[in-house]
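Notes to accompany the following structure.
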Amino acid sequence: MRLLLLAATVALCAPGCRKTAGGGEAHAVARRDRDPLHFSRSLGEPEYVDPGLCAEAEGGKIVGDTFEGLYIYGRDHTEWLPGAASGHTVSADGLTWTFTLRPDGRWSDGTPVTAHDFEWAWKRVLDPSTGARYASILWFIEGARAYNRSGPEDRAAAREAVQVEAVDDLTLRVRLVAPTPFFLQLTAFYTYAPVPRHVVAAHGDQWARPEHVVSNGPWVLSEWRSGQQIVLTRNPHYVATPQRPAPFDQVTYRISQDDDPAHRMYLSGEVDYLDSRVPPSVLPRYRRERFRELHTSPYLGVYYYMFNVTRPPFDDPRVRRALGLAVNKLAIGKFVIRGGQVAANTLVPPGLEALGYPGVAGPDYDPGEARRLLAEAGYPGGKGFPRFRVSYNTLEGHTLVAQFLQQEWRTQLGIQCDLDNMEWKVLLKKQHAMDFEVSRAAWIGDYLDANTFLELYESQNPNNRTGWANPAYDAALAAAGQAVDTPARQRHLVAAEEIFVREMPGIPLYYYVKHDLVKPWVTGYRPHLQGVHTSRWFGIDLSREGGPAGRGAP
């Protein structure tokens with residue numbers, strides 16, 4: 001899901017805490033006495049809230065609350081429920097999916113939501129002129145990849161060949177390249193959400209601004225004050241059901257680019273739910289004193305550094321492997337950001353074994369082998385190695401990781417690098433323009449399959465921002481995409497990851513662990529392996545422990 005802005009950070013003493021006589025810290029528990037039909041949560045500044053352009057986790061949260069795909073994410077990662085669709089059928093060969101839309105589906109301006117909206121929205125994402133960074137997630141549809149990669153001369157014909165068709169207003173038929181067991185999951189992902197054709201036609205690229213936007217989810221964007229807050233208000237035309245609830249009149253996202261201010265908002269009661277923004281320095285106290293509020297769970301995500309392999313010396317796989325082998329990744333989760341993160345030696349996180357993916361064994365910490373490889377590449381003891389720049393976005397956790405790697409490379413390899421800290425949106429632009437040498441990145445699985453990580457390094461994938469291209473890697477992923485049985489598909493995916501491990505166009509550093517803070521008066525929270533917590537599944541019950549007396553949750 002997605003590029004992650006989120007990361008664990010460390011503070012010597014979290015601002016907003018006060019010292020007690022016993023040397024501990026007392027945390028504010030008071031909540032503002034407000035309407036329980038209002039829900040408040042934290043957020044980093046999104047890049048886009050247009051489903052077709054969104055390509056990162058922060059914007060995805062807003063889209064998840066304001067737009068509704070054919071199916072929606074359930075309370076946890078084990079269920080996907082009918083959303084804009086009332087149901088679907090699949091052909092015996094697993095290739096043709098037919099969705100029936102709800103007859104009461106409406107945009108927030110009262111206009112009916114139809115299958116034509118979905119067909120148009122998906123083809124808009126695939127249109128090369130749209131510039132959608134996430135178009136590749138639609139390549140599972142027959143003809144989608146060819147259209148997305150088409151030139152101006154054959155674009156019209158390629159568009160017609162995309163196998164998504166509105167049979168009538170309430171019937172959408174899709175034909176896939178190969179059997180795709182996780183396709184239902186994809187229909188819940190934000191890139192698959194519909195967009196209102198009539199509003200896009202009227203307002204162009206300004207259509208998603210609060211003064212123009214129309215959406216089909218439980219809420220609609222009504223305010224966006226950059227750096228402060230995003231406010232969503234109830235969609236008056238959304239027909240909620242127990243399976244598709246809309247429990248709040250208003251959802252407010254308080255914006256903070258760093259974890260400490262976000263944590264202060266939680267302490268003061270300004271936010272009810274803190275999503276993966278817990279400073280590690282306060283984790284021990286939460287575990288001891290307020291363990292009911294702290295929710296720690298596995299997270300299907302990987303934090304990594306990627307190389308721009310078009311720039312020497314990072315065009316040499318020996319150099320890339322040396323830089324990876326010189327880092328003691330076990331120390332990151334234990335001593336650097338201290339959140340219990342698991343050292344990552346491969347790109348695909350654990351958690352998919354039950355679905356048949358066996359994984360591969362990546363290289364362990366080996367500074368001796370790192371020095372040998374660097375010498376073999378022509379830089380014995382780091383002599384002659386050019387000084388380079390490491391780019392990352394503004395969060396203390398990213399700074400701590402960058403400083404740790406800077407020290408490891410200097411100590412183990414004798415090479416020097418400079419640290420380049422910038423805002424999230426600036427980093428994204430630099431990455432997509434290939435204007436970097438080494439840069440931090442992260443990815444959360446969009447669906448429960450190894451392909452969601454491995455496709456990041458497919459040569460034509462828009463999310464491959466490294467310049468690395470390997471024909472054998474591409475062939476393995478293509479074979480996996482065409483495989484009709486699960487064992488064969490998993491073998492091809494393993495083959496691809498083995499190539500990644502040998503070539504190392506990126507350095508996996510750790511697998512995420514999710515730490516969420518949930519106020520006692522918040523109901524409905526469940527751990528989610530993909531970290532998807534749409535507001536529809538929460539509730540506020542002010543009579544619960546820690547909250548002011550008041551009426552129960554809706």
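Excluded from the calculations below are hydrogen atoms, water molecules and symmetry mates; all remaining heavy atoms, backbone and side chain alike, are included.
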Kindly say whether [Y] contributes a backbone atom to a donor-acceptor pair with the side chain of [X] at under 3.5 angstrom?
{"X": "D516", "Y": "H295", "answer": "no"}
{"X": "Q530", "Y": "G445", "answer": "yes"}
{"X": "T466", "Y": "M306", "answer": "no"}
{"X": "Q250", "Y": "H38", "answer": "no"}
{"X": "T191", "Y": "G52", "answer": "no"}
{"X": "E79", "Y": "R75", "answer": "yes"}
{"X": "N308", "Y": "E437", "answer": "no"}
{"X": "E223", "Y": "V231", "answer": "no"}
{"X": "R277", "Y": "D258", "answer": "yes"}
{"X": "Q341", "Y": "G339", "answer": "yes"}

(request) Could you tell me which residues satisfy side chain to side chain contact (heavy atoms under 4.5 Å, CB included) with H203, sequence neighbours excluded, listed by chain and number? (result) V199, W207, H212

So which heavy atom on [X] is nearest to which on [Y], and how close?
{"X": "G59", "Y": "C54", "answer": "C-SG, 3.5 Å"}
{"X": "A132", "Y": "L53", "answer": "CA-CD2, 4.4 Å"}
{"X": "L37", "Y": "P247", "answer": "CD2-O, 3.4 Å"}
{"X": "L352", "Y": "A450", "answer": "CD1-N, 3.5 Å"}
{"X": "I62", "Y": "V49", "answer": "CG2-CG1, 3.8 Å"}
{"X": "V278", "Y": "L517", "answer": "CG2-CG, 3.6 Å"}

Just by distance, with hydrogens left out, do [X] and [Y] show a side-chain donor and acceptor under 3.5 Å apart?
{"X": "T296", "Y": "H515", "value": "yes"}
{"X": "S40", "Y": "E270", "value": "no"}
{"X": "Y190", "Y": "T66", "value": "no"}
{"X": "S439", "Y": "Q431", "value": "yes"}

(request) Kindly indicate, with the supporting measurements, whether the criterion side chain to side chain contact (heavy atoms under 4.5 Å, CB included) is fulfilled by V401 and H398. (result) CA-CA 5 Å; V401 172; H398 300 328; 5.9 Å; no

I'd like to know if [X] and [Y] make a salt bridge, using a cut-off of under 4.0 Å between side-chain N and carboxylate O.
{"X": "D275", "Y": "K514", "result": "yes"}
{"X": "R102", "Y": "E68", "result": "no"}
{"X": "R209", "Y": "E211", "result": "yes"}
{"X": "E455", "Y": "R145", "result": "no"}
{"X": "R536", "Y": "D65", "result": "no"}

Atom pair [atom1] ([X]) and [atom2] ([Y]), whose distance is rounded to the nearest 0.5 Å:
{"X": "N463", "Y": "I137", "atom1": "CG", "atom2": "CD1", "answer": "9.0 Å"}
{"X": "T187", "Y": "W122", "atom1": "OG1", "atom2": "CH2", "answer": "7.0 Å"}
{"X": "S42", "Y": "K61", "atom1": "OG", "atom2": "NZ", "answer": "6.0 Å"}
{"X": "L419", "Y": "R389", "atom1": "CG", "atom2": "CZ", "answer": "9.0 Å"}
{"X": "I255", "Y": "Q229", "atom1": "CD1", "atom2": "CD", "answer": "8.0 Å"}
{"X": "N464", "Y": "M434", "atom1": "CG", "atom2": "CE", "answer": "7.5 Å"}

Would you indicate whether the side-chain heavy atoms of [Y] and [X] approach each other to under 4.5 Å?
{"X": "W97", "Y": "T180", "value": "no"}
{"X": "T394", "Y": "W424", "value": "no"}
{"X": "N235", "Y": "W219", "value": "no"}
{"X": "W537", "Y": "T534", "value": "yes"}
{"X": "Q185", "Y": "L448", "value": "yes"}
{"X": "W224", "Y": "P46", "value": "yes"}
{"X": "L232", "Y": "F248", "value": "no"}
{"X": "R440", "Y": "L427", "value": "yes"}

(request) Find out whether the Lys NZ or Arg CZ of K329 is both under 6.0 angstrom from the six-membered ring centre of Y510 and within 45° of the ring's axis. (result) no

(request) Quick one: do F118 and F99 satisfy ring pair (Phe, Tyr, Trp, His ring centres under 6.0 Å)? Show the steps, please. (result) CA-CA 11 Å; F118 280 90; F99 296 88; 8.5 Å; no

(request) Using the side-chain contact (heavy atoms from CB on, under 4.5 Å) rule, pick out the option among F182, F453, Y134 that qualifies with D446. (result) Y134

(message) Could you walk me through whether V162 and K123 satisfy the side chain to side chain contact (heavy atoms under 4.5 Å, CB included) test, starting with their C-alpha distance in whole Å, then the side-chain angles of each, then the deciding distance to 0.1 Å, before giving a yes or no?
(response) CA-CA 8 Å; V162 178; K123 289 181 176 178; 4.1 Å; yes

(message) With a 6.0 Å cut-off on the ring centroids, do F183 and H88 count as close?
(response) no

Check the orientation of [X] and [Y]. Use parallel for under 30°, tilted for 30 to 60°, and perpendicular for over 60°.
{"X": "W107", "Y": "F67", "result": "perpendicular"}
{"X": "H77", "Y": "H528", "result": "perpendicular"}
{"X": "Y273", "Y": "H533", "result": "perpendicular"}

(request) Determine, stepwise, if the pair Y304 / L509 fulfils side chain to side chain contact (heavy atoms under 4.5 Å, CB included). (result) CA-CA 5 Å; Y304 60 99; L509 292 174; 5.5 Å; no

(request) Tell me, with the steps shown, if V426 and K430 meet side chain to side chain contact (heavy atoms under 4.5 Å, CB included). (result) CA-CA 6 Å; V426 176; K430 282 184 171 289; 4.3 Å; yes

